[in-house]
Structures are given as C-alpha cells and as structure tokens.
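Atoms considered below: every heavy atom in the structure, side chains included; atoms not considered: hydrogens, waters and symmetry mates. Keep in mind that this is a model prediction, so the values were computed, not measured. Counting convention: from 1, in listed order, for ligands and their atoms alike.
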Amino acid sequence: MLVRLCQLLTTAYIVAEFINRSLFPMFQHALAAAKPIRVGIIGGGVAGSTIAMHLSARDDVEVTLFEQGQSLVNGPPICHLHAGGNLYREIDDQQCLTLLQESIDTLKLFPHCANVRPTVIVVPQRDAGDVAALLPRLQLLQQHYQQLVAADPSNQVLGEPCDYFRCYSEAQLQQLALKPLPAAPTQHDDWLIPLAKELDFDSVKWPLILVQEYGLSLFRLAASAELTLAARTNCQVKLNHKVTAVKRCGGGFRLTFGGSSQDSVYVDYLINACGHLSGSVDDELQVPAQRMVEFKAAYLASWAGQGHWPEVIFHGERGTPNGMAQLTPYADGLFQLHGMTESITLFSDGLARAHGGSAQPKLPLPLRRKLKDGWPQQLVEQRSRAAIDHLAVFLPNFANANPAGKPLYGAQQIPGQDVSLRAADVEFPAPHYARAEIVKANSALPAAKAIERQLFADCADTAAAAIALSPLQVQQRGEQIACERNYPAALARRIPA
Ligand SMILES: Cc1cc2nc3c(=O)[nH]c(=O)nc-3n(C[C@H](O)[C@H](O)[C@H](O)COP(=O)(O)OP(=O)(O)OC[C@H]3O[C@@H](n4cnc5c(N)ncnc54)[C@H](O)[C@@H]3O)c2cc1C
C-alpha cells in the first residue's frame with residue numbers, strides 16, 4: 001500500500017514538473033491572451049533595464065522595474081563594447097564569437113550609445129606574449145563577422161567586414177608620425193596618427209593591430225533606457241525603490257519594497273537583475289548558486305590638445321605590476337584609464353566568492369564602504385596618478401596628464417567559478433524565476449531574449465523594436481545624468497564629436 005502511494009506521489013511530481021518546465025510557456029501564453037503577465041524585475045542596471053525594454057515591447061506583459069538608485073544603469077562602469085573580446089587573451093574563441101554577435105545586437109538596440117573609434121592592440125616588449133599569436137582569433141572573428149553581414153546586411157554595424165582588423169608595421173607608424181593631426185578622422189590611418197606621435201616605439205612589439213572594437217557610453221545607455229521606458233505604458237519604473245523582501249506566493253511572488261513607505265506587489269514572474277547583489281535574492285528564495293563578485297575601478301585623466309585618439313590596449317599579465325594598461329578616449333581631452341594591477345584597477349581581496357550556504361559573496365568592509373560612501377580624495381589622487389604613470393611607460397608625454405575627478409568603480413558579478421568568464425547571460429534556477437547575471441553589458445539583450453523565449457512559445461528571435469530616439473535627445477539626457485552623478489559631461493558626449 002505504502003509502495004503504491006509512493007509510486008503515485010512520484011508520478012504526480014513528475015507530471016507537475018513536466019507541466020511546470022515544458023508546458024509553462026504555453027500556459028502562460030494562453031493566460032496572457034486574457035490577462036497580461038505581471039513581470040517584476042529587481043535591479044535597473046543595464047541587464048534589468050534592457051530586459052524591461054525588451055519585454056515591455058509586447059502588449060501581453062506588464063513590467064514593474066525596481067531600482068534602489070536614483071536613475072537607471074547606475075552600477076559599475078561600462079566603456080568598451082567588447083565586439084570580439086580582443087581585450088582578453090585568456091578567454092576561448094567561442095566566448096569571443098559570442099561577444100561579437102552580442103555586440104552587434106546591442107548596437108542595433110542602442111544605436112546612439114557607441115563611441116565609434118577603433119581599438120589598437122599593443123603587445124609590450126616587457127610582455128611574454130607574441131603578436132602573431134593574436135592573429136588566428138582575429139581572422140576567425142573577421143570571417144564570422146563577414147558571415148553575419150552576409151546573412152543580414154543590417155548586422156554591418158562595425159564597418160566593412162574586410163576592415164575588421166588591420167596590422168601596422170613600425171615603418172608605417174614612423175610615416176604616420178610625420179603627418180599632421182587630422183581635424184576629423186575618416187580612415188584607419190587617421191586614427192593611428194596621434195598614437196604614432198606619442199608612442200615610445202622601443203617599448204612595444206610589432207606589428208600593432210587596429211581592430212573595430214568600439215566604446216560604449218554608460219551615460220547614453222542610461223539615457224536611452226530611461227527615455228525608452230518612459231514611453232512604454234505597460235512598464236512602471238520605480239526609482240529609489242529597494243526591494244526588501246521576496247516571498248513565494250501562489251504561483252508567483254510577493255515583493256515588498258520601500259520607497260517613501262513600505263509597500264508590496266504580486267508578480268507572476270520574477271527576474272533577479274541585482275548585479276553583484278543577486279545572491280541576496282537567491283538567499284531569500286533559498287535557491288543555491290555559485291558566484292563571485294569583483295570590485296574594480298577605472299580612473300579619469302585630462303590630457304588636452306592631442307587630437308582624436310583610438311582606444312589603446314597594452315597587454316599585460318593580470319594582477320602583476322605589468323598588468324594590461326587601457327587608455328579609453330572621450331571628448332574634450334578626457335581619458336578613462338584601467339591598469340590591471342592591484343595598485344590601480346584591481347584590489348587585494350577584491351574578489352569574493354559565495355560560501356557557507358549563502359549565494360551572496362561578501363566583499364571586505366573597506367570595499368563595501370567605498371561602494372556605499374565613496375572614496376577619500378587622497379586615494380583618488382594616488383590611484384589616478386598610478387594609472388597615469390602606468391600608461392606613461394608607453395606614452396611618455398602622458399605623464400603630464402592630470403587626475404580628472406572621481407573614479408568610475410563598482411562591484412561586478414561573475415556567475416560560477418571561472419574567474420575568466422566574460423560571456424554569461426541568464427539562468428532559470430527555479431519555476432517562474434530568472435536570474436540575469438551578465439559579465440559584460442552586451443549580454444543583457446541575449447538574457448532578455450532567453451527570458452522572452454521562456455515565457456512565450458511564440459516569440460520570434462528578433463530584438464524588440466527600440467523607441468526611435470534622437471541622438472541629441474540621448475546625448476543631452478546622458479550629459480545631465482553624468483552631472484547628476486558628479487562626473488564630467490564630456491563622458492556622455494559622442495566621439496568623434
Ligand atoms: C571597473 C569596471 C569596468 C567595467 N568595464 C566594462 C566595460 O567596459 N564594458 C562592459 O560591458 N562591462 C564592463 N564592466 C562590467 C559591467 O559594469 C557589469 O557587467 C554591468 O554593469 C552589470 O550590469 P547589471 O545590470 O547586471 O548589474 P548592475 O549594473 O550592478 O545593476 C544592478 C542594479 O540592481 C540594483 N539593485 C540591487 N539590489 C536591489 C534591490 N534589492 N532593490 C532594487 N534595486 C536593487 C542596483 O542598485 C543596481 O543598479 C565593468 C565593471 C567594472 C567594475
């Protein structure tokens with residue numbers, strides 16, 4: 001009798017699981033015909049905002065987006081699009097191909113957010129790496145880009161596929177160094193002229209590689225998300241609203257949130273897009289997860305009158321004093337600097353792992369204080385100066401640059417246990433619950449698409465139409481957002497201007 005009962009219960013459990021996992025999208029879709037699905041998104045970073053933009057393009061969804069901060073996309077910095085992952089020698093080719101595809105889709109959704117200038121990849125003399133070793137991957141990426149453009153010409157957002165990358169010899173750079181700085185760069189060579197004039201030729205290996213890896217503007221992303229969602233009647237954006245409790249309730253969830261007063265709302269489907277705080281929602285729902293959280297910072301320097309610069313990457317072994325140096329240009333002679341050493345971008349104890357039954361990694365107190373209260377001015381000066389000196393090894397005149405304000409910093413999540421993971425999007429670890437955990441901004445749209453596929457059997461695999469925004473509108477709001485966060489407005493300006 002007992003055995004029979006157990007068999008019945010097991011069968012009932014299997015049927016229930018099947019319905020939940022396999023038939024859930026169809027059920028939800030049928031339900032949606034009568035009543036929109038209520039989707040709650042916790043976290044208005046680039047992941048949560050993009051998912052809200054994507055889902056609210058459907059009229060059978062009602063989205064509520066909760067963000068504890070004052071504006072959208074206010075998490076850690078975003079400055080590179082990573083269209084091919086060429087900043088990361090250590091990742092596998094598949095991740096690079098994924099990042100390339102995702103970058104193309106991201107540029108289509110956020111057409112006014114790219115800083116369209118190339119990236120120059122440099123292998124320093126002091127580095128053990130070899131330039132030739134980088135070429136097979138670049139050729140693979142170029143072929144893949146060519147195929148994507150052949151399949152759909154609208155994918156051509158990174159220039160001509162045959163121009164995806166180009167090598168420059170020492171002799172070519174010597175010639176370019178003699179040319180005047182162009183008023184506005186129109187071809188690859190133009191972008192190399194400022195670098196050719198400033199580079200210490202003896203400090204690098206040849207050739208240099210120019211690749212169509214563009215910049216991505218954090219502040220114009222924030223503006224685009226805000227303006228798009230403001231135009232959607234089926235999306236409520238609740239800024240300054242922290243979700244303080246998440247409870248399973250019926251088939252969905254009850255979210256308690258605090259604005260001016262504590263309130264609660266019921267949602268059919270929950271999306272955790274809390275960035276480095278994603279583990280706190282997992283803990284509330286008792287969903288186990290492995291993840292890491294890393295605190296990092298980039299610095300601002302002003303260096304006027306040097307023409308239109310490309311991004312320049314000087315490779316180096318991460319975490320050593322010779323870690324990669326990155327020079328990211330903005331308007332008005334402003335540069336953002338990374339140095340992958342513990343005295344610049346990285347921090348000792350800056351990488352925390354989930355452990356002890358909690359899915360939420362805990363950063364050391366001094367780093368948590370920085371996240372909450374900001375940085376002491378002396379430390380800003382010290383690390384900004386170290387970043388300037390790190391670049392000046394290759395660009396001697398850059399030693400004359402000056403620190404230009406508070407760093408761009410934050411804690412970033414890395415799902416799983418592989419610290420070099422760069423392409424990650426979303427998991428569905430429990431019924432009606434999605435956890436969007438991206439490492440790079442361009443994985444936000446794939447996460448949104450995967451969630452839509454989970455919710456709706458009928459969804460076409462295309463990006464939902466973005467609201468038509470004007471470039472000026474996006475830039476003006478982006479500049480305001482930069483100023484509201486005490487950063488120079490130049491960070492939000494399009495380059496080349
Ligand atoms: C120094 C540095 C440089 C970087 N450079 C790049 C780059 O060039 N290109 C790139 O693609 N990526 C870059 N990254 C990574 C990128 O910043 C992150 O991957 C990205 O911001 C993650 O977006 P997200 O939306 O998942 O998380 P977040 O941006 O952290 O957003 C999560 C949001 O959730 C909100 N939140 C959390 N808990 C709650 C709650 N309970 N209630 C309400 N709201 C809540 C937070 O306030 C936050 O706004 C960089 C990271 C760092 C640290």
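- Paired with Y145 under the rule side-chain contact (heavy atoms from CB on, under 4.5 Å), one option of Q156, Q212, Q101 passes, and it is Q156.
- The heavy atom nearest to atom 27 (O) of ligand 1, considering only G275, S278, A447, G45, is found in G275.
- Ligand 1 places these atoms under 4.0 Å from at least one heavy atom of H338: 3 (C).
- Between the side chains of T320 and N322, no donor N or O sits under 3.5 Å from an acceptor N or O.
- Shown are R220, R493, R485; of these, the salt bridge (charged side-chain N to carboxylate O under 4.0 Å, His left out) with E479 is made only by R493.
- Remark: minimum distance from atom 40 (C) of ligand 1 to any protein heavy atom is reached at I42 CG2, 3.6 Å.
- Contact annotation for A297 and ligand 1: only backbone heavy atoms (N, CA, C, O) come within less than 4.0 Å of the ligand.
- Under the 30°/60° scheme for interplanar angles, the aromatic rings of F219 and Y487 are found to be tilted.
- When hydrogens are left out, the protein atom nearest atom 53 (C) of ligand 1 is G410 O, 3.4 Å; that is the closest non-hydrogen contact.
- Of all atoms in ligand 1, listed by their number and element, those nearer than 4.0 Å to a heavy atom of K296 are 1 (C), 52 (C), 53 (C).
- Using a 4.0 Å heavy-atom cutoff, E437 is absent from the residues neighbouring ligand 1.
- The residue from A273, G75, A245, A424 that puts a heavy atom closest to atom 32 (C) of ligand 1 is A273.
- Per-residue contacts place F66 under 4.0 angstrom from the following atoms of ligand 1 (heavy atoms of the residue considered): 43 (C), 44 (N).
- The six-membered or imidazole ring of H241 lies near that of F257, with a centre-to-centre distance under 6.0 Å.
- In this structure, H80 has its ring center no closer than 6.0 Å to that of Y214.
- Distance from atom 51 (C) of ligand 1 to its nearest protein heavy atom, with residue and atom name: Q412 OE1, 3.3 Å.
- Taking both residues in full, the closest heavy atoms of N74 and G69 are given as ND2-CA, 3.5 Å, listed atom of the first, atom of the second, then distance.
- Protein heavy atom in closest approach to atom 20 (C) of ligand 1: V46 CG1, 4.2 Å.
- Note on ligand 1: Y409 sits outside its first shell, no heavy atom being nearer than 4.0 Å.
- Between the side chains of S103 and N442, at least one donor-acceptor pair of N or O atoms lies under 3.5 Å.
- Annotation for E226 and I481: closest pair OE1-CD1, 4.1 Å, computed over non-hydrogen atoms.
- Looking at N402 and S302, their side chains never bring a donor and an acceptor atom within 3.5 Å of each other.
- Ligand 1 has an N or O atom lying under 3.5 Å from an N or O atom of A47, backbone or side chain.
- Of all the atoms in ligand 1, the ones that sit under 4.0 Å from a non-hydrogen atom of C274 are 32 (C), 34 (O), 37 (C), 38 (N), 39 (C).
- Remark: ligand 1 and P76 share an N or O pair separated by less than 3.5 Å (distance only, no angle test).
- Considering only non-hydrogen protein atoms, atom 36 (N) of ligand 1 sits nearest to Q68 NE2, 3.7 Å.
- Taking each of V439, T244, N240 in turn, the one with a heavy atom nearest to atom 18 (C) of ligand 1 proves to be V439.
- Nearest protein heavy-atom neighbour of atom 26 (O) of ligand 1: Q413 NE2, 2.9 Å.
- Contacts between N74 and ligand 1 below 4.0 angstrom, taking non-hydrogen atoms only, involve the side chain exclusively.
- Y433 and D282 are linked by a side-chain donor-acceptor pair at a separation below 3.5 angstrom, with hydrogens and angles left out of the test.
- Protein heavy atom closest to atom 35 (C) of ligand 1, with residue, atom name and distance, is E67 OE1, 3.2 Å.
- Compare A298, P407, P77 by their heavy atoms: the one nearest to atom 2 (C) of ligand 1 is in P77.
- Between atom CD of residue E311 and atom OG1 of residue T119 there is a gap of 4.5 Å, rounded to the nearest 0.5 Å.
- Note on ligand 1: E294 sits outside its first shell, no heavy atom being nearer than 4.0 Å.
- Among protein heavy atoms, the minimum distance from atom 34 (O) of ligand 1 is reached at G43 CA, 3.1 Å.
- Any N or O atom pair closer than 3.5 Å counts here, and L277 shares no such pair with ligand 1.
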